[in-house]
Amino acid sequence: MELWPGAGTLLLLLFLLLLLLLPTLWFCSPSAKYFFKMAFYNGWILFLAVLAIPVCAVRGRNVENMKILRLMLLHIKYLYGIRVEVRGAHHFPPSQPYVVVSNHQSSLDLLGMMEVLPGRCVPIAKRELLWAGSAGLACWLAGVIFIDRKRTGDAISVMSEVAQTLLTQDVRVWVFPEGTRNHNGSMLPFKRGAFHLAVQAQVPIVPIVMSSYQDFYCKKERRFTSGRCQVRVLPPVPTEGLKPDDVPALADRVRHSMLTVFREISTDGRGGGDYLKKPGGVGEARL
C-alpha cells in the first residue's frame with residue numbers, strides 16, 4: 001500500500017491549489033494583481049511577436065513591417081481598459097523625414113506609440129532589446145535601430161548612418177531622449193543624440209508628449225488599473241541652418257515645451273494624474 005501520493009497526484013493537487021489561490025490573490029491583493037497584469041502584458045507581447053515573425057520574415061528586415069507590429073499591438077489597450085486620446089496628429093509633416101522625440105515613463109509607452117506611430121517610422125532602442133526573445137527578432141525584422149549606449153563610438157557611428165537613411169530612404173525615427181524610463185512625474189534631462197541626428201540630417205523634430213499614467217499605473221505602489229492617457233503631437237521644430245553648437249539650446253527648448261504640455265495634459269482631467277506642482281517645477285501625483 002502506498003502511503004504517499006505519486007508525483008502525478010502531487011502535481012494535480014498543486015495545480016488545483018494554484019487555481020484556488022490565484023482568484024484569491026487577484027481580488028484581495030492589489031500588488032498581486034499588478035504583477036499578474038504586468039506578467040500578462042509582457043508575455044502577451046512575446047506571444048504576439050511569435051505570430052508576427054513569420055509574416056514579417058516574408059519581406060525580411062524592412063521598415064514596412066512596423067505596420068504589422070502596430071496592427072497586432074493596437075488591441076492591448078482594450079484588454080487593460082486604457083483609453084488613448086490623440087491630439088495634434090495633423091502636425092506630422094506629410095511627406096518628409098523627421099525625428100520624433102517623446103517622453104518615456106514605462107513599458108506602457110508602447111500603447112501610446114502604437115496609437116500614433118506615423119508611417120515608415122521606427123524606434124531607436126537600446127541593443128539589449130535585440131536579445132529579448134521573439135520580441136527582439138520581431139523588432140529587428142521591423143527595422144528597429146539598435147544602439148549600444150555603453151559604446152559611445154559605435155552609437156555615434158550608428159547615428160551617422162541613420163542620418164543618411166533618413167534622407168535616402170524616407171524614414172522617420174522615434175527617440176526617447178530621456179534615455180531611460182522615468183516614473184517620477186516629470187521629465188529627466190534630455191540626452192542630445194536625437195537632436196544631433198536631426199541637425200545633421202537637417203530634418204524637423206516632432207515632439208510627442210504622453211500624459212502621466214499616475215491615475216491608473218504606479219510601479220512604486222504596485223498599482224495598475226484602467227484609465228485614460230492623452231497623446232499630444234506638437235508642431236514640428238525646424239532645424240534648417242542649425243549647427244552642432246546649436247544643439248544644447250535646441251534640446252533645452254524642446255524639453256521645456258514638452259514639459260509644459262506634459263503638466264497641462266496631466267492636470268486637465270483628460271489624461272494622467274491630478275498634479276500638484278511643487279516649487280521648482282516637478283509635479284507630484286495626488287492620489
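Sequential numbering from 1 along the given sequence is applied to the chain's residues.
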Below 4.5 Å, heavy atoms only, C-beta onward: do [X] and [Y] meet side chain to side chain?
{"X": "Tyr213", "Y": "Ser106", "result": "yes"}
{"X": "Arg255", "Y": "Phe262", "result": "no"}
{"X": "Thr260", "Y": "His256", "result": "yes"}
{"X": "Ile82", "Y": "Phe216", "result": "yes"}
{"X": "Trp140", "Y": "Leu130", "result": "yes"}
{"X": "Lys219", "Y": "Tyr34", "result": "yes"}
{"X": "Ile124", "Y": "Trp174", "result": "no"}

Looking only at heavy atoms, which two atoms of [X] and [Y] are closest? And how far apart?
{"X": "Arg192", "Y": "Ala251", "value": "CG-CB, 4.3 Å"}
{"X": "Pro118", "Y": "Phe92", "value": "CG-CE2, 3.9 Å"}
{"X": "Pro244", "Y": "His196", "value": "O-CE1, 4.1 Å"}
{"X": "Pro248", "Y": "Asp245", "value": "CD-O, 3.5 Å"}
{"X": "Val99", "Y": "Ala194", "value": "CG1-O, 4.1 Å"}
{"X": "Val63", "Y": "Arg120", "value": "CG1-NH1, 3.3 Å"}

Inset, instruction - Decide yes or no on side-chain contact (heavy atoms from CB on, under 4.5 Å) for Ile208 and Val101, but give the supporting numbers first. - result: CA-CA 6 Å; Ile208 293 182; Val101 293; over 6 Å; no

So how far is it from [X] [atom1] to [Y] [atom2], rounded to the nearest 0.5 Å?
{"X": "Arg87", "Y": "Leu234", "atom1": "CZ", "atom2": "CG", "value": "12.5 Å"}
{"X": "Phe176", "Y": "Met210", "atom1": "CZ", "atom2": "CE", "value": "5.5 Å"}
{"X": "Ser211", "Y": "Asn103", "atom1": "OG", "atom2": "CG", "value": "8.5 Å"}

Inset, instruction - Could you tell me whether the side chains of Gln230 and Arg228 share a donor-acceptor contact shorter than 3.5 Å? - result: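 Gln230 vs Arg228: no donor-acceptor pair found between side chains.
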
The criterion is side chain to side chain contact (heavy atoms under 4.5 Å, CB included); which residues satisfy it with [X], sequence neighbours excluded?
{"X": "Ser31", "answer": "Ser29, Arg222"}
{"X": "Val162", "answer": "Ile145, Val158, Leu166, Val173, Leu197"}
{"X": "Pro236", "answer": "His91, Pro93, Pro204, Val206"}
{"X": "Ala125", "answer": "Leu129, Val144, Phe146"}

Do side-chain atoms of [X] reach the backbone of [Y] as a donor and acceptor pair under 3.5 angstrom?
{"X": "Ser102", "Y": "Val209", "result": "no"}
{"X": "Ser134", "Y": "Ala49", "result": "no"}
{"X": "Arg232", "Y": "Pro207", "result": "no"}
{"X": "Gln105", "Y": "Gln214", "result": "no"}
{"X": "Glu178", "Y": "Phe190", "result": "no"}
{"X": "Asp246", "Y": "Leu242", "result": "no"}

Inset, instruction - Flag the pair Glu85 and Arg83 as a salt bridge only when some basic side-chain nitrogen lies within less than 4.0 angstrom of an acidic carboxylate oxygen. - result: no

Inset, instruction - For residues 226-245, pull every pair meeting ring-ring contact (aromatic ring centres under 6.0 Å, His included), keeping only residues two or more places apart or in separate chains. - result: none

Inset, instruction - May I have all residue pairs that pass ring-ring contact (aromatic ring centres under 6.0 Å, His included) and include part of residues 219-243, sequence neighbours excluded? - result: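 Pairs touching residues 219-243 that pass the test: Tyr80-Phe224, Tyr217-Phe224.
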
Legend entry - Heavy atoms from other residues, nucleotides or ligands near CZ of Phe47 exceed 12 (cutoff 6.0 Å): no

Do [X] and [Y] share a hydrophobic cluster, counting only Ile, Leu, Val, Met, Phe, Trp and Tyr and linking them when any side-chain heavy atoms are less than 4.5 Å apart?
{"X": "Ile45", "Y": "Trp131", "result": "yes"}
{"X": "Leu51", "Y": "Leu46", "result": "no"}
{"X": "Tyr98", "Y": "Leu167", "result": "yes"}
{"X": "Val50", "Y": "Leu48", "result": "no"}

Inset, instruction - Check step by step if side-chain contact (heavy atoms from CB on, under 4.5 Å) holds for Leu108 and Tyr41. - result: CA-CA 9 Å; Leu108 298 184; Tyr41 178 78; 3.8 Å; yes

Legend entry - Pair Val175-Val100, side-chain contact (heavy atoms from CB on, under 4.5 Å): steps then yes or no: CA-CA 6 Å; Val175 185; Val100 173; over 6 Å; no

Inset, instruction - Quick one: which residue pairs count as a salt bridge (charged side-chain N to carboxylate O under 4.0 Å, His left out) with a foot in residues 89-103, not counting sequence neighbours? - result: none

Inset, instruction - For side-chain contact (heavy atoms from CB on, under 4.5 Å), just list the numbers for Val261 and Met258, CA-CA rounded to whole Å, side-chain angles, deciding distance to a tenth of an Å, and then say yes or no. - result: CA-CA 5 Å; Val261 172; Met258 290 175 64; 5.9 Å; no

Listing, residues 65-75 side-chain donor-acceptor contacts under 3.5 Å, not counting sequence neighbours, or none:
| unit_1 | atom_1 | unit_2 | atom_2 | d |
| --- | --- | --- | --- | --- |
| Asn65 | OD1 | Arg59 | NH1 | 3.0 |
| Asn65 | ND2 | Cys56 | O | 3.1 |
| Asn65 | ND2 | Gly60 | O | 2.8 |
| Asn65 | ND2 | Leu141 | O | 3.0 |
| Lys67 | NZ | Glu64 | OE1 | 2.9 |
| Arg70 | NE | Met114 | O | 2.5 |
| Arg70 | NH2 | Met114 | O | 3.3 |
| Arg70 | NH2 | Glu115 | O | 3.1 |
| His75 | ND1 | Met72 | O | 3.0 |
| His75 | NE2 | Trp44 | NE1 | 2.9 |

Inset, instruction - Kindly write out the residues that satisfy salt bridge (charged side-chain N to carboxylate O under 4.0 Å, His left out) with Arg172, not counting sequence neighbours, or none if the list is empty. - result: Asp170

